Amino acid sequence: MAQAKAALAAGDAVAIPTETVYGLAADATNGEAVARIFAAKQRPSFNPLICHVTDIAMAEAFATFDPLSRRLAEAFWPGALTLVLPLKPGHAIHPLVTAGLETVAVRAPKGFGAELIAALGRPLAAPSANRSGRISPTSAQAVADSLGDAISLVIDGGATQVGVESTIVKVEDDRIRLLRPGGVAAEAIEAVAGQTLLRAETGAAIQAPGMLASHYAPTARMRLDADRVEPGEALLGFGPKRIEGADKAAAVLVLSQAGDTVEAAAKLFDYMARLDANGAACIAVEPIPHDGLGEAINDRLARAAAPRPETGEKG
Ligand code: TXA
Ligand code: MG
């Protein structure tokens, strides 16, 4: 804690555990510190970052809560819900954090991150602590594997509890738009808000610029909703029953034998990375239901399977 606090106060970027995934954190009011995040991640700088706070009171120093956003923060903070809110005039958040937008994405994490922000007394800008376009890390080892010597300090808090990134929503005229499915199920938000969520339209990339079609990409190709394993493929399974050809797969990891999407979310990125490291050219993925955290899991899998911009490769 002391080392992390000193490094952040000195304008350094530090990889820290949160309950969702590991974040690469820097003082959100210090432009040079935030620039170090982009440098380490090799991330396009038009992509805005989430500001992490201790609570609503800290967020109110720079963002405005409408009544519905406040209700959601009260229900889900600290936790895996990010709210996109209008910035207040005269706020101290560096424009590099928001990519010049007039809104800011804010969430209050649990655990070490929360204690660190309280100790520092400032919001922390933190994207997931992976190289841009790669799988989000759910362990300190995965951070080290992805960012290596691009960063000087990784805080090891063990495996993250939730395993997928936060859910991102934005309130527009008393309606809630889902910008990114994540660690809080859409159904849970709908229950608190008493309304159904508006889903991202085509072109939602403009709303959440980080939501590139190809994202979270392992080196291997990904083949979703597979009903059989082709020769040479590795298998990412879900539920009690394996598909045809599973016995001949190059490697098999099952996200949840019991068919539990919460358990599967917690293991998703770790298992994708492990199967990838195994060296198969393609990972077949068994069908995963779309309810609860299944929505976030299927979203991440679809991005991992999308054509890659670097190679133009299909599948
Ligand atoms: O669980 C999480 O959310 C993790 C942990 C570290 O907190 N963070 C994370 O950050 O996933 P990142 O930077 O990988 O994703 C942030 C997402 C991006 O899709 C970005 O485009 C979107 O938030 N975002 C940030 N500011 C926004 C804004 N003002 N309006 C719309 N989307 C925004
Ligand atoms: Mg990310």
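Just the heavy atoms: all of them, side chains too, but no hydrogens, waters or symmetry mates, feed the values below. Whatever order the structure lists them in is the order used to number ligands and atoms, beginning at 1. Treat the numbers as computed from the prediction; the structure is a model and nothing was measured.
Checked against a 3.5 angstrom limit, the closest N/O atoms of Lys41 and ligand 1 fall outside it. Some N or O of Thr20 is nearer than 3.5 Å to an N or O of ligand 1, by distance alone. Residue Ser128 has at least one N or O atom closer than 3.5 Å to an N or O atom of ligand 1. For Asn47, a nitrogen or oxygen atom sits less than 3.5 Å from a nitrogen or oxygen atom of ligand 1, counting backbone and side chain alike. Considering backbone and side-chain atoms alike, Ser166 places an N or O below 3.5 Å from some N or O of ligand 1.
Hydrophobic clustering, with ILVMFWY side chains joined whenever heavy atoms are under 4.5 angstrom apart, keeps Leu235 apart from Leu301. By the rule that hydrophobic residues join a cluster once side-chain heavy atoms approach within less than 4.5 Å of another member, Ile135 and Leu268 end up as members of one cluster. Taken together through direct or relayed side-chain contacts under 4.5 Å among Ile, Leu, Val, Met, Phe, Trp and Tyr, Val262 and Leu236 form parts of separate hydrophobic clusters.
Short contacts between ligand 1 and Glu165, defined as distances under 4.0 Å to a heavy atom of the residue, involve ligand atoms 1 (O), 2 (C), 3 (O), 11 (O). Within the listing of ligand 1, atoms 28 (C), 29 (N), 30 (N) sit less than 4.0 angstrom from a heavy atom of Thr103. Near Leu101, meaning under 4.0 Å from any of its heavy atoms, are these atoms of ligand 1: 28 (C), 29 (N). The distance from ligand 1 to the heavy atoms of Ile168 drops below 4.0 Å at these ligand atoms: 17 (C), 22 (C), 23 (O). In the vicinity of Ile50, heavy-atom distances shorter than 4.0 Å reach the ligand 1 atoms 3 (O), 8 (N), 9 (C), 10 (O), 16 (C).
At a threshold of 2.8 Å, the Mg ion (ligand 2) has a backbone or side-chain N, O or S atom of Ser128 nearer than that distance.
Between the side chain of Asp66 and the backbone N or O of Asp174, no donor-acceptor pair lies under 3.5 Å. Side-chain atoms of Ser146 come within 3.5 Å of backbone N or O of Arg131 as a donor-acceptor pair. A donor-acceptor contact shorter than 3.5 Å links the side chain of Arg36 to the backbone of Gly11.
The existence of a salt bridge linking Glu286 and Lys241 is excluded, since no basic side-chain nitrogen approaches an acidic carboxylate oxygen closer than 4.0 Å. A salt bridge is absent between Arg107 and Glu165: the closest approach of a Lys/Arg side-chain nitrogen to an acidic carboxylate oxygen does not fall below 4.0 angstrom.
Considering each of Pro127, Ala129, Gly23, the one bringing a non-hydrogen atom nearest atom 10 (O) of ligand 1 is Pro127. The heavy atom nearest to atom 25 (C) of ligand 1, out of those in Gly113, Ala125, Pro48, is found in Pro48. Evaluated by nearest non-hydrogen atom to atom 7 (O) of ligand 1, the leading choice among His52, Glu102, Glu19 is His52. Residue nearest to atom 26 (N) of ligand 1, selected from Ala105, Gly163, Gly79: Ala105 (by heavy-atom distance).
Nearest heavy-atom pair across Glu190 and Leu197 is OE2-N, 2.8 Å.
Looking at Arg107 against ligand 1, only its side chain comes within 4.0 Å, counting heavy atoms.
Note that CG of Leu293 and CG of Asp299 are 12.0 Å apart. Values are rounded to the nearest 0.5 Å.
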